[in-house]
There are 2 protein chains.
Amino acid sequence: MLDFAVLGLLMERARHGYELKRALGELGFWKVSFGSLYPALRRLEKRGAISAVSGTGRRKAYQITDEGLKIFDTLLKADPDASETERAFQIRLAFLGHLPRERRVQVLEGRRTKLSTNLKSAREILIDARSNTENQDRYRLALMEHAMATTESDIAWLDGLVAAERGVASQN
Amino acid sequence: MLDFAVLGLLMERARHGYELKRALGELGFWKVSFGSLYPALRRLEKRGAISAVSGTGRRKAYQITDEGLKIFDTLLKADPDASETERAFQIRLAFLGHLPRERRVQVLEGRRTKLSTNLKSAREILIDARSNTENQDRYRLALMEHAMATTESDIAWLDGLVAAERGVASQN
DNA sequence: TAAAGCATGTAAGAGGTTACATGATTGG
DNA sequence: CCAATCATGTAACCTCTTACATGCTTTA
């Protein structure tokens with residue numbers, strides 16, 4: 001997962017560890033720690049996915065290798081399995097531009113389906129909870145309602161992305 | 001964290017493992033696994049926080065003990081530290097009703113402050129990214145924008161909860 | 001020349017998941 | 001009586017964080 005994100009960032013250009021941490025943080029959903037990042041870099045180097053191209057001073061910049069490109073491609077193309085994390089999906093999304101259009105739409109719609117399913121079961125649980133008149137904590141209800149609203153907004157957002165893909169499609 | 005959630009659920013009534021898993025799942029943000037839950041139960045029992053009151057058949061129901069109540073109280077009252085997870089906050093929220101009103105407002109406003117800070121830095125990064133005309137991936141931008149919108153909606157929601165507390169306050 | 005920030009790295013451990021093993025209970 | 005679901009439990013392992021250790025580089 002972290003490996004995937006690192007490879008994705010190195011697709012654009014060589015970067016050193018510190019820079020990768022910043023770039024990852026700027027994606028907004030993950031402030032990865034050095035204790036996680038540096039071991040990941042060595043792991044990737046050992047696999048031959050990246051290679052060090054020494055930077056200025058103490059910096060150790062890495063570039064992606066042909067082997068790394070292959071690995072990145074495999075990770076990107078693999079259909080996201082059902083248990084894909086929130087984070088994993090966001091990383092996939094961050095690099096979705098590297099996928100051909102039909103593939104992109106597939107990923108987005110797969111996610112949409114999953115969220116719809118979640119939403120449906122959340123709705124049922126909420127109805128149940130509300131009819132269970134006594135004793136239902138109002139914070140718990142507020143939490144559930146807000147989660148549902150957020151999911152609905154996520155779905156609408158995904159629909160927007162898909163629509164944009166299709167819109168572009170007619171011009172491509 | 002899991003311990004906290006388990007204690008919180010056992011505050012209401014005795015429950016067995018399977019039931020705890022379901023209840024936790026119904027909160028909406030965490031489908032905990034058995035491999036995590038059962039060891040947690042034994043851990044809590046060893047600490048004297050819960051005790052088994054045998055249920056029907058194979059079921060092993062647990063109830064919270066006086067010691068468990070103390071632990072739950074401590075966990076609930078501790079000011080959430082800066083690195084509190086999303087999940088940890090949601091659990092805290094699920095049991096916020098057990099806290100006195102002023103404390104509740106404190107927790108909500110603490111969270112609001114954190115989200116505001118995040119939002120501010122996200123906005124700066126986004127402005128930066130947009131002015132960096134070339135090469136900024138559109139999916140990355142969409143991701144950042146959506147994250148910002150979600151955070152804004154979360155803040156508005158928190159404001160609503162705080163307003164509700166204050167509204168109730170004048171009647172209590 | 002000291003402080004602040006940049007940069008890399010390791011060890012320990014927190015906090016989970018997956019996969020497996022086992023068996024009871026219920027419904028068609 | 002068979003399948004599905006309920007129910008408990010263990011072992012292996014994965015992923016990431018925290019805390020620590022180290023030293024370079026820039027700037028006031």
Side-chain angles (χ1 to χ4, degrees), chain A residues 1-7 9-10 14-27 29-47 50-62 75 80-92 121, chain B residues 1-7 9-10 14-27 29-47 50-62 75 78 80-92:
Chain A
M1 252 211 36
L2 175 51
D3 294 22
F4 182 29
V6 166
L7 291 176
L9 287 173
L10 293 184
R15 289 177 147 111
H16 55 94
Y18 211 87
E19 206 183 340
L20 283 167
K21 178 172 154 60
R22 195 187 320 116
L24 235 26
E26 286 178 356
L27 257 34
F29 51 84
W30 190 13
K31 272 134 197 59
V32 73
S33 71
F34 288 123
S36 183
L37 183 57
Y38 287 117
L41 288 174
R42 229 152 331 112
R43 210 161 52 225
L44 284 167
E45 196 176 21
K46 220 172 280 176
R47 281 177 73 188
I50 62 177
S51 68
V53 290
S54 79
T56 62
R58 228 203 156 188
R59 292 175 185 174
K60 225 163 108 182
Y62 292 92
L75 289 173
D81 93 322
S83 71
E84 187 178 54
T85 330
E86 182 76 14
R87 200 136 92 190
F89 172 72
Q90 287 172 318
I91 293 173
R92 187 177 296 276
S121 83
Chain B
M1 252 210 36
L2 175 51
D3 294 22
F4 182 29
V6 166
L7 290 176
L9 287 173
L10 294 184
R15 289 175 146 112
H16 56 93
Y18 210 87
E19 205 183 340
L20 283 167
K21 179 171 154 60
R22 195 187 322 117
L24 236 26
E26 286 179 355
L27 256 34
F29 49 85
W30 190 14
K31 273 136 196 57
V32 73
S33 70
F34 288 123
S36 183
L37 183 57
Y38 286 117
L41 288 174
R42 227 149 334 113
R43 212 162 50 227
L44 285 167
E45 195 176 22
K46 220 173 276 174
R47 280 176 74 187
I50 63 176
S51 68
V53 291
S54 81
T56 62
R58 225 197 159 193
R59 291 176 185 171
K60 224 164 109 181
Y62 292 91
L75 290 172
D81 94 322
S83 70
E84 186 180 55
T85 332
E86 183 76 13
R87 200 139 90 189
F89 172 72
Q90 287 172 319
I91 292 173
R92 188 178 295 279

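Proteins get letters first, then strands, A, B, ... in listed order; numbering begins at 1 in each. Note that the coordinates shown come from a computational prediction; the quantities given were computed from them, not determined experimentally.
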Take atom [atom1] of [X] and atom [atom2] of [N], then tell me their distance rounded to the nearest Å.
{"X": "A:Glu84", "N": "D:dT15", "atom1": "CD", "atom2": "C1'", "result": "16 Å"}
{"X": "A:Leu37", "N": "C:dG9", "atom1": "CG", "atom2": "P", "result": "10 Å"}
{"X": "A:Met1", "N": "C:dT18", "atom1": "CE", "atom2": "C1'", "result": "17 Å"}
{"X": "B:Tyr38", "N": "D:dA12", "atom1": "OH", "atom2": "C1'", "result": "20 Å"}
{"X": "A:Glu45", "N": "C:dG9", "atom1": "CD", "atom2": "P", "result": "9 Å"}
{"X": "B:Glu19", "N": "D:dC6", "atom1": "CD", "atom2": "P", "result": "12 Å"}
{"X": "B:Phe34", "N": "D:dA7", "atom1": "CZ", "atom2": "P", "result": "9 Å"}
{"X": "A:Lys21", "N": "C:dA7", "atom1": "NZ", "atom2": "C1'", "result": "12 Å"}

- Message: Under a 3.5 Å distance rule, please check whether B:Lys21 uses its side chain to pair with a backbone N or O of B:Val32 as donor and acceptor.
- Response: yes
- Any donor-acceptor pair under 3.5 Å linking the side chain of B:Arg87 with the backbone of B:Trp30?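 It does not hold such a pair.
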- Query: Passes side-chain contact (heavy atoms from CB on, under 4.5 Å), B:Phe29 versus B:Ile91? Steps please.
  - Reply: CA-CA 9 Å; B:Phe29 49 85; B:Ile91 292 173; 3.8 Å; yes
- Hey, mind stepping through A:Leu2 and A:Leu24 against side-chain contact (heavy atoms from CB on, under 4.5 Å) and telling me if it holds? CA-CA 10 Å; A:Leu2 175 51; A:Leu24 235 26; 3.8 Å; yes
- Short side-chain N/O contact to C:dT17 OP1/OP2 from B:Trp30, under 4.0 Å: yes
- Query: When you check the phosphate oxygens OP1 and OP2 of D:dG9, does a side-chain N or O of B:Lys60 lie under 4.0 Å from one of them?
  - Reply: yes
- Could you say whether B:Arg22 or B:Arg42 is positioned toward the 5' end of DNA chain D, judged by the nucleotide with the nearest heavy atom to each? B:Arg22
- Is A:Arg59 salt-bridged to A:Glu19, going by a charged N under 4.0 Å from an acidic O?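 No salt bridge links A:Arg59 with A:Glu19.
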- With respect to the side chain of A:Arg58, which nucleotide from D:dT8, D:dC24, C:dG16 is positioned closest?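 That would be D:dC24.
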- Given C:dT17, C:dT10, D:dG9, which nucleotide is nearest the side-chain atoms of A:Pro39?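 Of the candidates, C:dT10 comes closest.
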Using a 4.0 Å heavy-atom cut-off, does [X] contact any base of the nucleic acid, only the sugar-phosphate backbone, or nothing at all?
{"X": "B:Lys31", "value": "sugar-phosphate"}
{"X": "B:Gly35", "value": "base"}
{"X": "B:Arg43", "value": "nothing"}

- Item | Given DNA chain C, 5'-ward residue of the pair A:Ser36 and A:Arg59, judged by closest heavy atom | A:Arg59
